[in-house]
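Note sheet for the following structure.
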Amino acid sequence: MEIKVLKNILGVNEQIAKENRGLLDSKGIFALNIMSSPGAGKTSLILETIRKLDSEFKIGVIEGDIASSIDAEKIGAKGIPVIQINTGGACHLDANMVSSALKNLPLDTIKLLFIENVGNLICPGEFELGEHKKVILLSTPEGDDKPYKYPLLFRIADVVVVSKTDLLPYLNFNMDNFVKAVRTINQKAPIIPLSAVKGLGLGDWFSWLKGVLTGGKRNA
Ligand code: MG
Ligand code: ZN
């Protein structure tokens, strides 16, 4: 019985996600669903992307957190339209939450929408939000074996970002092992190592982003 209920919930979610996608497409907005563990650097990467690309592609942000508006305040301080969703305990965003947020964003002025999911490597992968691409971040302190332990997120990723590469000299993280782990379940997604804080590797991230934004075939 429980399995049946879960299927129904996901079925309703898929329907609302389709409606979100239709709304985004009608406004010409490209949306990214960013997923990672807590503290992997989602907000830092969004902030660096705003700094570099907002003049070219007007950016909007939906921030998902269980509580607080700390991340939304950081984004809002840059003059970027942002909506904070507090899930009140839920460990992922769902399409209905995103639908409400979309009603409160100036959709006519946004070209690129970041949806920062709740920090969690597990169930956010189960819920379509209406996004065009899924971005998975893994920070180097988390370890290079995580694709084996949390396969769903790495399997559905359109791009895998390895964050905090400036810490590599202090860690056992082995990039070759990580790439190998990702490739056992996902042969296509580009893997982009970077450090948002130190400004390393961001060029590869920006060119991936521009590629998907301009309808490039980089990650079709
Ligand atoms: Mg954050
Ligand atoms: Zn969850």
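Values in this document were obtained by computation on a predicted structure and should not be read as measured data.
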| If we ignore angles and hydrogens, is there a donor and acceptor under 3.5 Å between the side chains of D25 and H132? |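 There is such a pair between these side chains.
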| query | Cut-off 3.5 Å, side chains only: do K42 and S36 have a donor facing an acceptor? | reply |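 A pair is found: one side chain offers a donor N or O, the other an acceptor, under 3.5 Å apart.
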| task | Give a yes or no on whether L152 atom CG has more than 12 heavy-atom contacts from other residues, nucleotides or ligands under 6.0 Å away. | result |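 Enclosed.
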Looking at [X] and [Y], does any basic side-chain N land under 4.0 Å from a carboxylate oxygen?
| X | Y | result |
| --- | --- | --- |
| K134 | E128 | yes |
| E56 | K210 | yes |
| K149 | D145 | yes |

How close do [X] and [Y] get, heavy atom to heavy atom, and via which atoms?
| X | Y | value |
| --- | --- | --- |
| D94 | L129 | C-CD2, 3.5 Å |
| L167 | P141 | CD1-CG, 3.8 Å |
| A196 | E48 | O-CG, 3.6 Å |

| Is there a chain of hydrophobic side chains (I, L, V, M, F, W, Y, each step under 4.5 Å between heavy atoms) that links L200 to L138? |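 Per the 4.5 Å side-chain linkage, L200 and L138 are not co-clustered.
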| task | Take Q84 and D65 through the test side chain to side chain donor-acceptor pair (under 3.5 Å) and record every step on the way to the result. | result | CA-CA 8 Å; Q84 177 80 54; D65 284 293; 3.1 Å; yes
Just distance, no hydrogens or angles: give the donor-acceptor pairs under 3.5 Å from side chains in residues 101-112, sequence neighbours left out.
| residue | atom | partner | partner atom | Å |
| --- | --- | --- | --- | --- |
| K103 | NZ | S99 | OG | 3.2 |
| N104 | ND2 | S100 | O | 3.0 |
| D108 | OD1 | K27 | NZ | 3.0 |
| T109 | OG1 | P106 | O | 3.0 |

